[in-house]
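Order of the sequence lines sets the chain letters (A, B, ...), proteins ahead of strands, with each chain counted from 1.
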Amino acid sequence: MKEYDHKKIEKKWQNEWDKNKIYTAKTGKAGKKFYGLIEFPYPSGAGLHVGHIRSNTAMDIISRKRRMEGYNVLYPIGWDAFGLPTENYAIKTGIQPAKVTKQNTDTFRKQLKMLGFSFDWSREVNTTDPAYYKWTQWIFLQMYKKGLAYKAKTEINWCPKDKIGLANEEAEGGVCDRCGGPVEKREKEQWMLAITKYADRLDKDLDTVDYLEKIKIQQRNWIGKSEGALVKFDDIEIFTTRPDTMYGATFIAIAGKADRFTGQYVTNPASKEKIPVWEAEYVLGDYGTGAIMGVPAHDERDFEFAKKNKIKISQVIMPVLRDLKNLPRNDKKDTKRDVVHVILRNLKNKEILLAFLKDESWGDNKPINFIIGGIEEGETEVEASIREIKEETGYTDVEFKEKLSIETCAEFFQAQKDVNRIVHVRTLVFNLLSEKKVEINEEEKQKHDFKWIPESQVASKITIPDDTLAWKYYQVGGFAYEGEGTLINSGEFTGMDSEVARKKITEYVGGKIVTKFKLRDWVFSRQRYWGEPIPIVNCDKCGYVPLNEKDLPLELPKVKSYEPTDNGESPLANITAWVNTKCPKCKGKAKRETDTMPNWAGSSWYFLRYTDPKNKKEFASMKALKYWMKNGVDWYNGGMEHTTLHLLYSRFWHKFLYDLKVVPTKEPYMKRTSHGMILAESGAKMSKSVGNTVNPDEIVKLYGADTLRMYEMFMGPFDQAVSWSTESMIGPRRFLERVWRLGLKVASPTQQNFRALPSLRGLRHAENSPMSAQLLTILHKTIKKVTEDIESMNFNTAVSSMMMLLNDMEKCESVQIKDYKIFLQILAPFAPHIAEELWLQMGERKSIHLSKWPKYDPKKLENETVKIGVQVNGKVRAELVIGKDEDEDEIKAKAMRDENVIKWMDGKSAKKIIYVKGRLVNIVI
RNA sequence: GGGUCAGUGGCGGAAUUGGUAUACGCGCAACACUUAAAAUGUUGUCUGCUUAGCGGAUGCGGGUUCGACUCCCGCCUGACCCACCA
């Protein structure tokens with residue numbers, strides 16, 4: 001075989017691996033186990049997406065490396081096949097969903113096999129297989145028995161188009177998760193799962209697992225645990241997590257226990273030192289060097305309310321300022337929703353606050369963090385600000401700073417879009433007020449367009465009596481501190497730690513500390529056909545009765561039409577022969593539940609089934625679970641879009657099963673990472689309807705699976721979104737071709753050919769033969785790099801380091817087989833087919849994927865000599881070649897002797913010489 | 001508004017976590033090979049200038065440091081998630 005023929009090689013090895021079952025996981029095998037998991041795909045009609053390939057390849061690389069490291073590896077695959085797209089397709093075409101699913105999974109299987117993933121295909125599961133969903137139903141029955149599954153009449157999100165009830169989570173923003181249409185509210189009897197009973201544990205146990213921090217944060221946000229004060233005033237209930245801040249002041253004010261009261265404080269963000277500001281009711285806003293900001297109000301209701309209650313709105317400040325009266329909404333395209341900061345003043349008494357709280361136009365949620373303050377008669381807002389600054393700081397010499405305040409404020413009105421200028425102003429203020437007094441020269445003034453500031457004032461240095469005051473001033477311009485700290489100006493709570501104050505203030509106003517969760521119970525019913533039937537009957541006498549376990553699975557009957565009924569019942573409701581049944585308890589007349597489960601159900605426990613997929617007696621034997629699930633799934637990778645719902649639901653089910661003592665761990669997944677999306681070349685999301693998808697079949701045909709895998713790993717950081725570029729795929733392809741050609745030469749008995757090969761003409765290291773020490777160093781560095789990069793999922797740099805190694809090997813006079821073989825081994829997880837073929841060519845008979853992962857030799861990582869930079873005053877002026885173990889003083893002396901260095905030192909003596917080992921020398925003069 | 005992350009050549013992106021910025025790949029240019037093209041190889045490719053050299057560049061403005069893509073402060077822009085709820 002002369003040319004690299006990916007078609008031949010890939011086909012050959014896929015068959016070979018299949019035949020020899022080298023990826024089959026053996027339960028109970030002695031030694032270390034590794035369970036690597038990817039989210040099992042939904043077999044859609046569109047076929048495999050390049051995004052699937054990205055995440056599958058990543059976990060395939062990890063799994064292959066683990067195998068080579070001696071682990072017993074389970075890397076399973078299956079199908080999350082229940083769900084709406086298939087059902088909609090069935091509605092359109094009349095083809096049975098089961099048939100569609102079969103077609104689609106066949107396609108997916110073929111596509112996945114063609115990519116050479118090391119899945120254990122003998123453990124394939126399918127959520128729509130009755131042998132599988134028997135156990136999904138079984139788990140549901142256990143939940144029912146424990147009172148976790150219940151029926152409740154709830155107002156549900158109803159999509160009139162899909163005729164389906166949606167979980168809260170699926171109807172975000174009042175839009176149907178599936179069809180994008182508007183969602184209505186509708187009353188319906190629904191099966192519910194009491195996930196809220198597990199809310200606290202779902203939150204707490206996140207501490208015990210190794211998930212990416214952002215994933216934990218998302219989980220926690222969704223669960224939404226918050227501890228706070230619940231206070232009742234008349235008929236109004238208010239909840240806040242921060243009764244120690246302005247909220248507390250408001251409570252106290254409403255409770256009539258004080259007119260003005262609060263516990264605001266600020267912190268120097270640099271030193272973390274807590275610095276008291278003056279009366280904390282006055283907190284300057286983000287842009288408010290000239291204005292006192294009260295509440296961040298939210299929309300026009302703020303203004304309506306203010307008008308109604310004759311509250312003066314003194315100022316409106318927005319990122320780009322607008323006139324309140326003709327406030328256009330969303331005039332800037334693509335802006336986020338408008339948020340308006342309003343300063344509400346003269347909110348002096350309880351009545352107004354109560355009026356606000358009772359004002360129904362707000363709905364349930366109202367901002368209550370008003371600042372109580374005031375403007376004196378005849379005063380403008382700016383004047384009031386200045387007065388307050390003067391009064392509160394007690395610092396009289398504020399003329400200049402006042403000026404700045406006014407000017408800054410005025411700038412907002414005059415130069416609404418000249419944002420840069422505002423930045424300059426703020427910077428100037430900062431410089432003047434912080435301990436470093438900055439002098440601004442003429443040039444800088446021009447550059448930064450400071451001309452509006454009177455020159456004399458800029459030029460004169462302003463002396464601030466003490467740093468604290470400077471900080472105060474600065475702080476007020478930028479921060480309203482809401483972190484933890486010590487209360488100031490808060491009456492009897494002054495000096496109290498904010499954590500303690502939360503409790504004390506709550507007590508003081510007669511409230512109580514409560515724990516709340518945002519999480520709601522899971523609406524588990526779907527009025528659809530293509531899902532697991534809920535194994536419950538409704539008996540006239542006995543009410544809801546669960547099926548006997550021996551009667552599971554309750555199989556989906558065949559229907560003629562897959563349309564939901566007009567009143568929103570599932571198509572199952574039309575099959576009277578199926579619906580009418582006997583009560584398992586009293587044997588009397590009963591009707592089957594016609595709702596089915598959501599497709600989250602089957603995916604909530606599939607990783608357990610993989611451990612023992614053929615078991616007919618249990619969902620999985622404890623023996624298999626104890627083996628594979630020891631410490632849980634070792635590594636679970638998936639998309640960010642599943643990090644809230646799927647992760648939460650499956651953790652919930654797992655915890656429930658743990659309580660039943662049928663699984664060995666509290667948490668299902670030990671480690672969770674996530675991959676970035678692959679976008680279309682344009683940077684937009686790939687979608688079939690837009691027609692910007694990439695067909696992996698064609699790519700594999702043209703370039704091969706190994707090239708596709710290499711490219712997807714090389715295209716960018718694994719956890720970030722990257723745009724697809726078919727053009728760039730040629731890079732990895734060329735790389736593999738060069739690997740191939742080099743391999744043939746290395747394997748050939750006469751290394752003569754080595755020189756003759758045109759690609760190896762540039763003999764840069766000709767003087768070092770046969771294998772230079774330098775190249776050996778590079779080889780070991782590469783082993784180290786690839787080994788580590790796989791663990792941290794920095795696949796892109798792993799690939800690039802292998803490319804560098806190849807570049808160097810090609811330029812070498814000769815490469816020994818044993819060294820080339822090491823290179824093949826670290827390449828093998830990425831490009832398994834070509835590596836296997838070349839491995840064979842090197843005379844090996846056992847699969848490379850069962851060979852031992854190479855170890856680097858730390859002694860070989862360092863070169864004998866190393867080139868370092870020599871800086872003079874931080875600028876690189878010379879280069880120096882030094883020995884590995886050369887003495888520091890010697891190196892420094894050598895650097896000083898350098899021609900260029902001498903030139904740049906210009907006869908001056910060195911104040912200080914800094915040497916960073918193996919990096920550089922910096923001479924400070 | 002809140003949370004998380006990001007901003008480096010024409011493009012995708014590197015940078016040992018504070019130490020010679022732009023690795024690796026794509027693209028582009030020139031050359032070699034060829035009747036020619038493709039393929040392959042070699043060399044070059046941030047930018048400006050008075051080009052054996054010197055200066056400027058990592059979204060913008062500052063700061064700390066002998067030294068900053070990296071740390072700190074302020075700001076701008078974008079992405080994703082969440083929300084008129086902190």
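Across all strands shown, B:C84 forms no Watson-Crick or G-U wobble pair with both distances under 3.5 Å. With both pairing distances under 3.5 Å, B:A36 is matched to nothing as a Watson-Crick or G-U wobble pair. Both distances falling under 3.5 Å, in either a Watson-Crick or a G-U wobble arrangement, occur for no nucleotide opposite B:A14. The partner of B:G48, taking Watson-Crick or G-U wobble pairs whose two distances both stay under 3.5 Å, is B:C54. When both pairing distances are held under 3.5 Å, B:C31 makes a Watson-Crick or G-U pair with B:G41. Across all strands shown, B:G19 is found opposite B:C66 as a Watson-Crick or G-U wobble partner, with both distances under 3.5 Å. Summarising the base pairing, B:C5 is matched to B:G78 through a Watson-Crick or G-U wobble pair whose two defining distances lie under 3.5 Å.
The nearest whole Å value for the distance from the CD atom in A:Glu788 to the C1' atom in B:U17 is 13 Å. The CG-P distance, from A:Leu648 to B:C81, rounds to 18 Å in whole Å. The interatomic distance linking A:Lys745 (NZ) with B:G41 (P) rounds to 14 Å, in whole Å. In this structure, the CD1 atom of A:Ile223 is 16 Å from the C1' atom of B:A86, given to the nearest Å. Nucleotide B:U40 holds its P atom 10 Å from the CZ atom of A:Arg733, rounded to whole Å. Atom pair A:Leu519:CG and B:A86:P shows a separation of 19 Å (rounding to whole Å applied). When the C1' atom of B:U20 is taken as reference, atom NZ of A:Lys867 falls 9 Å away, rounded to whole Å. A:Gln219 places its CD atom 15 Å from the C1' atom of B:U4, with the value rounded to the nearest Å.
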Listed pairs, N/O of protein and of nucleotides 5-13 of chain B, under 3.5 Å:
from  : atom 1 : to       : atom 2 : distance (Å)
B:G12 : O2'    : A:Met715 : O      : 2.4

Contacts under 3.5 Å, N or O only, protein and nucleotides 52-55 of chain B:
from  : atom 1 : to       : atom 2 : distance (Å)
B:G55 : OP1    : A:Arg877 : NH2    : 3.4
B:G55 : OP2    : A:Arg877 : NH1    : 2.8

Just the table, please: protein N/O against nucleotides 66-70 of chain B N/O, every pair under 3.5 Å.
from  : atom 1 : to       : atom 2 : distance (Å)
B:C66 : O2'    : A:Asn922 : ND2    : 3.4
B:C66 : O2     : A:Asn922 : ND2    : 2.4

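The distance from atom CG of A:Leu212 to atom CZ of A:Arg672, rounded to the nearest 0.5 Å, is 9.0 Å.
For A:Thr673, the side chain to side chain donor-acceptor pair (under 3.5 Å) test picks out A:Trp635, A:Asn637, with sequence neighbours left out. When the side chain to side chain donor-acceptor pair (under 3.5 Å) test is applied to A:Arg733, the partners found at least two apart in sequence or on another chain are A:His6, A:Glu737. With sequence neighbours excluded, no residue forms a salt bridge (Lys or Arg N to Asp or Glu O under 4.0 Å) with A:Asp719. Residues that satisfy the ring-ring contact (aromatic ring centres under 6.0 Å, His included) test with A:Phe795, not counting sequence neighbours, are A:Phe718. Every residue two or more places apart in sequence or in another chain was checked for a salt bridge (Lys or Arg N to Asp or Glu O under 4.0 Å) with A:Lys903, and none qualifies. For A:Trp724, the ring-ring contact (aromatic ring centres under 6.0 Å, His included) partners at least two apart in sequence or on another chain are A:Tyr711. Remark: A:Arg220 engages A:Asp203, A:Asp207 in a salt bridge (Lys or Arg N to Asp or Glu O under 4.0 Å) (not counting sequence neighbours).
At a threshold of 4.5 Å between non-hydrogen side-chain atoms, the residues A:Arg709 and A:Phe830 do not count as touching. Using a 4.5 Å heavy-atom cutoff, the side chains of A:Gln871 and A:Val924 are not in contact. The shortest side-chain heavy-atom distance between A:Thr777 and A:Leu861 does not fall under the 4.5 Å cut-off. In this structure, the side chains of A:Leu827 and A:Val739 come closer than 4.5 Å at one or more pairs of heavy atoms.
The phosphate of B:U40 has OP1 or OP2 within less than 4.0 Å of a side-chain N or O from A:Arg734.
Separating the P atom of B:G25 from that of B:U77 is a span of 37 Å, rounded to the nearest Å. B:U34 and B:G41 have their C1' atoms separated by 13 Å, with the value rounded to a whole Å. Between B:G9 and B:A21, the distance separating the two C1' atoms is 12 Å to the nearest Å. One C1' atom belongs to B:G10, the other to B:U65, and the distance between them is 35 Å to the nearest Å. B:U51 and B:U70 are spaced 33 Å apart, taking the P atom of each and rounding to whole Å. Look at the P atom in both B:C24 and B:U45: the space between them is 12 Å, to the nearest Å. With both ends at atom P, the span from B:G44 to B:A36 equals 26 Å, rounded to whole Å. B:G3 and B:G19 have their C1' atoms separated by 34 Å, with the value rounded to a whole Å.
Nucleotides of RNA chain B nearest to A:Met729 and A:Gly918 differ in position, and the one nearer the 5' end is that of A:Gly918. Comparing A:Val916 and A:Ser801, the nucleotide of RNA chain B nearest to each residue sits closer to the 5' end for A:Val916.
Among the heavy atoms of the strands lying under 4.0 Å from A:Thr797 are primed sugar atoms or P, OP1, OP2 only; no base atom is included. As judged by a 4.0 angstrom heavy-atom cut-off over every strand, A:Gly731 is placed among residues touching the sugar-phosphate backbone only. Residue A:Asn807 is classed as a sugar-phosphate contact, given heavy-atom separations below 4.0 Å to backbone atoms only. At the heavy-atom level, A:Ile913 lies nowhere under 4.0 Å from the strands shown.
Ranking B:C24, B:G19, B:G27 by closeness to the A:Leu920 side chain, first place goes to B:G19.
For residues 868-879 of chain A, every residue pair satisfying the salt bridge (charged side-chain N to carboxylate O under 4.0 Å, His left out) rule, not counting sequence neighbours, is listed here: A:Lys867-A:Glu879.
Around atom CD of A:Glu791, more than 12 heavy atoms belonging to other residues, nucleotides or ligands sit under 6.0 Å away.
The glycosidic torsion of B:U77 lies more than 90° away from 0, which places this base in the anti conformation. Glycosidic conformation of B:G9 is syn; the angle stays within 90° of 0.
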Distance-only criterion, 3.5 Å: show the donor-acceptor pairs between side-chain atoms of residues 779-786 of chain A and protein atoms not counting sequence neighbours.
from     : atom 1 : to       : atom 2 : distance (Å)
A:His780 : ND1    : A:Asp857 : N      : 2.8
A:Thr782 : OG1    : A:Ile778 : O      : 2.7
A:Lys784 : NZ     : A:Glu788 : OE2    : 3.3
A:Lys785 : NZ     : A:Asp789 : OD2    : 3.3

